[in-house]
Amino acid sequence: MAEEQPNLEATMGLIMNGGNAKGFAFEAIRAAKKGDFEEAHKKLDAADQALNEAHNSQTDMLTKEAQGDHQPVTLLTVHAQDHLMNAITFRDLAGEMVDMYERIAKLEK
């Protein structure tokens, strides 16, 4: 059980940081919709930071695997990877939506 602890911590890092990234991205869309583009960009930056932290957790897991330290694939690990991929996709989409709201605001002036 003690051997699984580092993998569990990395897995939970994926879930937690992926969730935070998606939340920040959603807040960015809400801010842009209200016309607060400075806040929207701050939230996108926060989402990027959370994704970077998630990526670090993922890289730790992949590095161990590449070094021959087999990492067990559990349902929780699969869930974490799914959570991260959804967060990345949502962040990308949020960036496009913020840009779109900015463009619309400029055209309406």
Side-chain angles (χ1 to χ4, degrees):
M1 190 71 164
E3 293 175 14
E4 293 178 14
Q5 189 64 28
N7 190 41
L8 180 61
E9 288 175 13
T11 299
M12 294 309 293
L14 290 177
I15 293 170
M16 181 183 69
N17 289 302
N20 288 343
K22 186 176 178 186
F24 287 132
F26 202 90
E27 289 174 15
I29 294 169
R30 285 184 182 153
K33 189 173 184 179
K34 292 177 184 175
D36 189 350
F37 302 112
E38 183 177 336
E39 182 68 13
H41 286 286
K42 285 181 185 177
K43 293 297 182 177
L44 290 176
D45 289 343
D48 290 341
Q49 288 178 314
L51 286 175
N52 189 45
E53 288 296 318
H55 177 73
N56 290 341
S57 294
Q58 185 181 50
T59 298
D60 288 343
M61 295 169 74
L62 293 171
T63 299
K64 287 177 185 174
E65 185 75 32
Q67 292 172 341
D69 182 9
H70 177 67
Q71 301 296 296
V73 178
T74 66
L75 183 57
L76 189 59
T77 306
V78 172
H79 172 69
Q81 292 292 335
D82 184 50
H83 209 60
L84 177 58
M85 293 307 300
N86 281 319
I88 291 168
T89 301
F90 197 86
R91 164 47 184 103
D92 290 344
L93 203 63
E96 292 297 320
M97 291 184 74
V98 168
D99 289 346
M100 191 172 53
Y101 277 120
E102 278 186 297
R103 188 171 180 195
I104 291 168
K106 286 177 185 176
L107 291 172
E108 288 179 342
K109 283 186 178 182

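Atom CG of Leu107 sits in a crowded spot, with more than 12 heavy atoms from other residues, nucleotides or ligands closer than 6.0 Å. Residue-environment remark: CZ (Phe26) stays at or below the threshold of 12 foreign heavy atoms within 6.0 Å.
In plain terms, the two heavy atoms of Ala10 and Ser57 that are nearest each other are O-CB, 3.5 Å. Across all non-hydrogen atoms, the minimal contact from Ile15 to His83 is O-CD2, 3.1 Å. Across Pro72 and Thr77, no two heavy atoms sit closer than the pair O-OG1, 3.8 Å. Ala47 and Ala25 get closest at one heavy-atom pair: CB-N, 4.0 Å. The two residues Met61 and Thr11 make their nearest non-hydrogen contact at CE-OG1, 3.8 Å. Between Ala32 and Ala40 the shortest heavy-atom distance is N-CB, 3.9 Å.
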Please list every donor-acceptor pair under 3.5 Å in which a side-chain atom of residues 87-101 meets a protein atom from a residue at least two apart or in another chain.
unit_1 : atom_1 : unit_2 : atom_2 : d
Thr89  : OG1    : Met85  : O      : 3.0
Arg91  : NE     : Asp48  : OD1    : 2.7
Arg91  : NH2    : Asp48  : OD1    : 3.4
Arg91  : NH2    : Asp48  : OD2    : 3.2

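The residues Glu102 and Lys106 are annotated as not salt-bridged, no charged nitrogen and carboxylate oxygen being separated by less than 4.0 angstrom.
Within the model, atoms CD of Gln81 and CD of Gln58 stand 4.5 Å from one another, a figure rounded to the nearest 0.5 Å. To the nearest 0.5 angstrom, Met16 atom CE is 10.5 Å from Glu9 atom CD.
With sequence neighbours left out, Glu65 forms a side-chain contact (heavy atoms from CB on, under 4.5 Å) with His70, Gln71.
Ile29 and Phe37 fall within a single hydrophobic cluster, where Ile, Leu, Val, Met, Phe, Trp and Tyr side chains are chained together by heavy-atom contacts under 4.5 Å.
Side chains of Thr74 and Leu8 form no contact here, defined as non-hydrogen atoms less than 4.5 Å apart.
Looking only at distances, no side-chain donor or acceptor of Asp82 sits under 3.5 Å from a matching main-chain atom of Val78.
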